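Letters A, B, ... are given to chains in the order of the sequence lines, protein chains preceding strands, and every chain is numbered from 1. Keep in mind that the numbers below use all heavy atoms, side chains included, and drop hydrogens, waters and symmetry copies. A quick note: this is a predicted structure, and the numbers were derived from the prediction, not measured.
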Protein chains: 2
Amino acid sequence: MEAPYKRIIDNVSRFIDLTELEKQKYISLLTEIKVKRKAYLMQAGDITKYEYFITKGCLKVYTLDENGAPHISMFAVEDYWTGDMASFITKQPSRYFIKATEDSELLGISRANYDLLFQEIPKFERFYRILYQRSLISYIKRTNHGISLTAEERFIEFKKKYPKIVNRITQKDLAAYIGITPEFMSKIISRVNQM
Amino acid sequence: MEAPYKRIIDNVSRFIDLTELEKQKYISLLTEIKVKRKAYLMQAGDITKYEYFITKGCLKVYTLDENGAPHISMFAVEDYWTGDMASFITKQPSRYFIKATEDSELLGISRANYDLLFQEIPKFERFYRILYQRSLISYIKRTNHGISLTAEERFIEFKKKYPKIVNRITQKDLAAYIGITPEFMSKIISRVNQM
DNA sequence: GAAAAAAAATGAACTAGTTTAAGACTTTTA
DNA sequence: TAAAAGTCTTAAACTAGTTCATTTTTTTTC
């Protein structure tokens with residue numbers, strides 16, 4: 001099996017066991033996607049066509065607020081699932097942009113194939129039940145944890161939790177993730193570095 | 001069927017169809033719980049025993065930060081699901097308190113029965129897949145929406161979205177939900193009222 | 001229904017983070 | 001490899017929200 005498919009099968013196999021036949025079936029429902037650095041996987045206004053699994057690279061998922069300021073909700077790297085679930089499920093236009101910060105490779109599942117998947121291999125209800133449950137847990141933990149911290153503390157936590165990602169992204173993007181201006185991010189970094 | 005059971009069956013029936021037998025089986029796995037105003041359903045340090053469905057009343061779900069300040073993550077009223085999923089799933093001590101703000105009635109499912117449910121009626125994988133998916137969507141929407149708003153704007157949004165809940169809770173609890181001090185909440189309310 | 005407890009209001013002094021602006025440094029592109 | 005574009009730094013003036021302290025109002029409890 002090709003490396004990217006092995007990667008996604010390993011990911012799914014964390015929660016459910018698949019027969020060889022089921023693996024083949026699942027793989028047949030996926031689409032290979034490549035996206036160059038600085039290219040958009042999707043833009044606000046689009047109706048999301050796919051849910052994505054990253055096999056290589058790094059992308060940022062963000063919205064623009066009324067003032068045009070970006071808010072990054074996640075950096076998606078190898079083995080992450082991403083997309084805009086709200087738009088994917090409701091078929092309404094998204095408010096998100098997904099932009100590659102490095103040349104990236106992904107596997108996508110279309111909405112039609114996602115629905116088909118549950119019919120063909122009902123076990124996937126369980127896979128997604130557990131995946132969403134875990135996403136919910138870590139999402140709640142993340143937002144709740146950040147709530148009473150200062151920007152400096154949130155930055156220190158991010159560095160501790162994602163040491164590899166810090167070095168792959170710009171300070172500006174980091175600011176948009178932490179939720180502060182690039183200027184203040186710069187101030188924090190020089191403050192933290194001289195400790 | 002008794003009213004509270006009808007309520008939960010209606011809720012489940014939004015996403016899956018159950019036979020009479022399955023309904024009976026499901027109901028047999030639930031526990032009826034009553035909790036008086038100001039009593040705790042659970043406290044930080046507890047390992048969560050149940051996931052809850054509210055059939056009557058109102059509860060607040062909150063944590064205390066390092067400074068002892070409360071942060072309310074939700075007000076749970078009739079037809080809401082609540083609990084601490086992280087603790088329920090991982091069997092680790094919770095960092096949440098759930099306290100009734102009115103005399104309340106709930107249906108709980110224990111961890112053992114939750115696991116059993118998936119064996120006995122696999123359709124529930126689908127129910128929870130969809131429930132968690134929707135929770136994730138609305139959770140992401142909520143946090144992302146609030147991100148660039150001032151406290152005053154968040155308060156106005158809350159009033160618009162939950163007009164009934166506003167009148168059931170104290171200003172202090174509202175402040176702990178919006179994410180500001182009670183003093184500033186008071187200031188905002190008098191400002192908004194004289195507009 | 002009086003006393004105690006909790007919630008709400010008000011105001012002054014304070015702080016974390018923003019805004020604006022300008023210069024220095026890096027990366028991208030032709 | 002030079003020019004253009006984008007990123008980072010620094011600093012001064014500003015603002016949304018906090019803290020602390022006191023008084024008034026409402027709710028709870030016996």
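The CG atom of B:N67 sits 7 Å away from the P atom of D:dT19 (whole-angstrom rounding). If you take CZ of B:F184 and P of D:dT15, they are 14 Å apart, rounded to a whole angstrom. When rounded to the nearest whole Å, the span between CD of A:E183 and C1' of D:dT15 equals 16 Å. If you take CG of A:N193 and P of D:dC8, they are 13 Å apart, rounded to a whole angstrom. A:R191 has its CZ atom 13 Å from the P atom of D:dT10, to the nearest Å. Here C:dT18 presents its C1' atom at 13 Å from NE2 of A:H71, a figure rounded to the nearest Å. Distance, A:I189 CD1 to D:dC8 P: 8 Å, rounded to whole Å. One atom, CG of A:L174, and another, P of D:dG6, lie 20 Å apart when rounded to the nearest Å.
Of the side-chain N and O atoms in B:S186, one or more sit less than 4.0 angstrom from OP1 or OP2 of C:dA9. Between B:T181 and D:dT18 there is a side-chain N or O to OP1 or OP2 distance below 4.0 Å. Between B:Q171 and D:dT26 there is no side-chain N or O to OP1 or OP2 distance below 4.0 Å.
Under 4.0 Å is where a charged nitrogen must lie from a carboxylate oxygen, and between B:K23 and B:E20 at least one such pair does.
Centroid-to-centroid, the aromatic rings of A:Y114 and A:Y128 come within less than 6.0 Å.
Annotation: cation-pi pair A:K99/A:F97 absent, no NZ/CZ under 6.0 Å from the ring centroid and within 45° of its normal.
Considering only the side chain of B:S190, C:dT10 comes nearest among C:dT10, C:dG17, C:dA8.
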A:E153 and A:T150: side chain to side chain donor-acceptor pair (under 3.5 Å), yes or no, with the steps? CA-CA 5 Å; A:E153 291 166 327; A:T150 62; 3.3 Å; yes

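Between B:K38 and B:K187, the residue anchored closer to the 5' end of DNA chain D is B:K187, taking for each the nucleotide with the nearest heavy atom.
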